[in-house]
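Remarks on the structure that follows.
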Amino acid sequence: MEMQTKDWRQEQERLAGVRNKLQARITELEPEVAGLHDQATDIRKRFWEEVTINTSTYEDFEESFYTINQQSAILAERERGHKLLTQQWKNMNRLLPSPYFGRIDFKEDGQNHSEQIYIGVSSFIEEDGLSFLIYDWRTPIASLYYDYSPGLASYVTPAGRIEGEMELKRQYQIQNGHIRNMFDANETIGDELLQQVLGKGADSQMKSIVATIQKEQNAIIRNDKSHMLIVQGAAGSGKTSAALQRVAYLLYKHRQSIRADQIVLYSPNPMFTSYISTVLPELGEENMQQTTFQEYLDYWLGSSLRSEDPFDQIEYVLTAQGAPGYEARLQGIAYKASEYFLQALQNYGMWLGREGMCFNSIRIRDRNLITAERMRAEFYRYDRSLPLLNRVDLLQDWLLNELASLERLERDAPWVQDELNYLDTEQYAEVFSMLHKDREVFDIAEQFATVREKMNHKRREDEGDFDFSRREEDLLRSRIVKESFIPLRKGVKKYSFIDVKGIYGQLFESEAAYREKTNGAYIPPLWTEICRQTKEMLLRNELFYEDATPYLYVKELIEGVRTNTEIRYVFVDEGQDYSSFQYEYLKKLFPRARMTVLGDFGQAIFMQSTSLAASDSPLVRLFGEAETTLVRLVRSYRSTREIVEFTKRMLPGGEEIAPFEREGPKPLLTTLVGGEMRDAQILADIEALIAEGFDSIAVITKTAAESREAHQSLRIHGAEATRLITKETQDFEKGVMVIPVYLAKGVEFDAVLVYDASPEAYGRENERKLLYTACTRAMHRLHLYATGDWSPFVQALPAHLYEKASY
């Protein structure tokens with residue numbers, strides 16, 4: 001039944017009225033915004049003109065201090081006012097083209113009439129400050145729109161639960177102030193609005209679609225109780241979108257106590273950070289901190305050690321089969337990511353408290369000032385009941401005192417005389433200036449001395465002569481030694497006297513030594529080869545990726561844990577790619593933070609992957625079962641029904657994934673005679689897809705090496721505009737790109753072309769999820785190519801799920 005013409009007219013009239021009020025308020029605010037900006041700029045320019053600094057007396061100093069504080073307070077007030085008004089102005093401008101997307105009529109129990117509630121991306125209130133023309137989608141009452149259909153409904157407020165009846169639920173599509181579409185949820189409309197949104201092409205940046213938040217996503221967004229929120233979601237189920245909207249919700253609800261810079265998101269790679277960068281600003285919020293775990297590792301390891309990144313690790317896993325030591329490396333990756341290794345390192349820390357600490361001698365001019373042996377002896381003299389890091393701090397204090405004593409003795413060392421002989425004129429002039437001041441002080445002292453001559457002992461005959469040459473040399477020697485000792489002191493304060501590399505390395509001396517140091521910890525079968533590989537990397541001042549987090553863990557057992565108590569929420573995207581060891585580390589790093597982990601174990605393509613959904617998951621143990629909530633998202637919205645039906649059959653247990661009812665062509669499997677024909681056909685298919693209007697097309701390969709080869713070959717065949725995506729790529733842009741599958745995670749494309757779907761590329765069981773991940777990037781079109789047989793994971797699929805072509 002079509003909506004009544006009267007309803008359309010009334011709704012359009014209301015929309016026009018709201019837009020008029022919005023425009024009037026925008027016009028009213030513009031001069032205020034500009035005025036406060038000008039005031040703040042003017043105060044900032046004239047800040048020091050308004051302040052007179054006078055330190056002649058304590059009273060003058062105090063007056064100057066209060067004057068500066070007063071000016072600072074005025075400036076801060078103007079800037080706060082400008083920021084608030086500017087935010088209001090931006091919100092209204094954001095609302096103007098499409099003020100709201102939904103309406104509910106809700107009759108609260110005990111009330112005689114229902115309230116019409118219009119929902120948009122921001123609130124807009126009548127000038128009386130009481131009547132809401134538009135409710136922000138994050139308000140408690142707006143949750144009704146996402147959680148209920150007409151009928152009995154309720155929502156939670158700070159004062160308690162409000163119950164009643166939803167009499168109407170209406171959705172709008174508004175463009176430039178005109179209602180393009182409008183439908184009520186009690187009519188047979190299905191997910192029409194979502195259908196239209198998902199039918200559009202992929203964009204270079206993720207978009208915020210708060211109008212189409214689903215009930216299960218809303219539960220994620222508004223969860224405000226769990227310390228650990230785990231979201232296990234199928235590919236394309238809206239995990240990341242829900243997480244970003246959750247950030248916006250938290251910033252709205254806790255706006256008095258939480259800032260955007262107190263939330264951190266760990267992204268899978270820098271390109272993904274670019275892809276999601278506009279979502280929060282679209283919702284009127286500042287972006288939270290965004291980083292990758294690798295960036296954190298690189299920062300704290302510093303320049304002394306270079307860590308392999310996860311992409312180099314997976315390249316090795318995918319390409320080095322049959323290489324010497326390959327199986328041992330795989331065992332090492334799995335073991336060093338495990339809770340077994342974490343427990344072993346905790347036991348190792350207790351062993352170090354008794355023996356085995358390694359130190360670096362403090363040296364100057366190729367000579368030991370304080371030897372490592374002397375440090376070790378001093379360290380183990382301290383009370384053994386004290387924690388390791390407390391004894392390290394005691395040793396640090398002792399070293400600083402020793403350096404102070406040694407600095408005075410060092411002034412007579414032969415090398416200091418050598419330095420004196422090579423000082424330049426400027427250094428001499430500086431010392432002479434200091435001596436001149438000393439002489440003036442000496443002359444004044446002499447005048448006082450003559451007055452008190454009878455009270456003093458007889459002076460030496462030559463005391464009145466100021467020995468410039470002796471004082472000059474003493475000062476120069478002191479300065480030379482002081483400058484040489486500055487880096488030594490800095491090093492001690494930064495714990496450089498601890499040989500962390502040696503401490504970590506001695507874990508891998510032998511099987512017997514490892515068991516002794518870790519209280520008999522479990523070891524994998526190929527431990528001897530694992531030890532050899534690890535020590536070889538350490539000799540080159542390098543670490544495997546699987547060693548980087550354990551290395552920092554050992555470092556912090558000794559030096560103390562680096563904690564950040566400012567961060568209140570931590571979000572981890574592609575959470576299945578982190579090890580249980582890394583999660584333990586993140587919990588220590590952010591002790592006050594609640595954690596949201598989003599992932600899909602069906603896309604667990606890294607060796608150190610962690611199960612998210614299992615009841616015995618390390619994530620559940622991290623905060624305890626009572627503090628953990630697990631949400632499963634099984635409906636896939638990204639891809640057409642045909643693509644979802646094709647991809648979900650690749651996974652054991654994939655039958656629970658439910659496609660969204662958006663239709664399209666079946667995936668196309670193209671068999672070709674050789675690589676030349678394949679590349680020519682891919683180029684022809686790309687041109688056809690562009691002609692259809694698709695402008696985000698990915699040729700997905702298995703590895704980075706294959707990406708480089710495919711990119712070069714496609715360019716030779718004429719695809720000159722094709723862009724090669726590598727782990728260094730910072731920005732995600734529209735167009736045709738060639739990308740390895742592990743960098744495509746979390747991103748979506750209009751069309752995906754799987755470059756090689758043969759058994760050679762995806763034949764082993766650990767490659768099943770790689771192929772699944774590649775295929776699930778596609779929104780509208782999926783093509784696969786092979787120059788011989790098909791991957792066993794494709795061969796196993798029912799033939800009715802795809803179309804075939806041969807050339």
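Every value quoted in this text rests on a predicted model; they were computed, and no experiment measured them.
- With sequence neighbours excluded, the residues satisfying side-chain contact (heavy atoms from CB on, under 4.5 Å) with Met537 are Arg540, Glu542, Phe544.
- In this structure, Arg621 pairs ionically with Glu339, as a charged nitrogen and a carboxylate oxygen lie closer than 4.0 Å.
- Note that Arg329 lies in the cation-pi zone of Tyr316, set by a 6.0 Å cut-off to the ring centre and a 45° limit from the axis.
- Salt bridge absent: Arg777 and Glu748 never bring a charged side-chain N and a carboxylate O closer than 4.0 Å.
- Aromatic ring orientation, Tyr495 versus Phe497: tilted (interplanar angle from 30° to 60°).
- Listed by chain and residue number, Tyr522 satisfy the ring pair (Phe, Tyr, Trp, His ring centres under 6.0 Å) test with Tyr340 (two or more places apart in sequence, or in another chain).
- The aromatic rings of Tyr135 and Phe132 lie parallel to each other, their planes meeting at an angle below 30°, with 60° marking the opposite boundary.
- By the 6.0 Å contact criterion, NZ on Lys587 is enclosed, its count of non-hydrogen atoms from other residues, nucleotides or ligands being greater than 12.
- Cation-pi geometry between Arg255 and Tyr252 is met: the NZ or CZ atom falls under 6.0 Å from the ring centre, inside 45° of the normal.
- Remark: Glu315 does not engage Lys727 in a salt bridge, criterion side-chain N to carboxylate O under 4.0 Å.
- Using a 4.0 Å cut-off between a side-chain N of Lys or Arg and a carboxylate O of Asp or Glu, Glu216 and Arg632 do not qualify as a salt bridge.
- Tyr578 and Phe293 have perpendicular rings, their planes meeting at more than 60° on a 0 to 90° scale where under 30° would count as parallel.
- With hydrogens and angles left out, the side-chain atoms of Glu584 and Tyr553 include no donor and acceptor closer than 3.5 Å.
- A heavy-atom distance below 4.5 Å is found between the side chains of Ile498 and Ile503.
- Counting only N and O atoms by type, the side chains of Asp577 and Tyr742 include no donor and acceptor under 3.5 Å apart.
- The pair Lys494-Glu559 does not count as a salt bridge, with every side-chain nitrogen at least 4.0 angstrom from each carboxylate oxygen.
- Proximity of a side-chain donor or acceptor of Gln232 to a complementary backbone N or O of Phe601 within less than 3.5 Å is detected.
- Remark: Lys336 is not positioned above the aromatic ring of Tyr551, lacking an NZ or CZ atom under 6.0 angstrom from the ring centre and at most 45 degrees off the axis.
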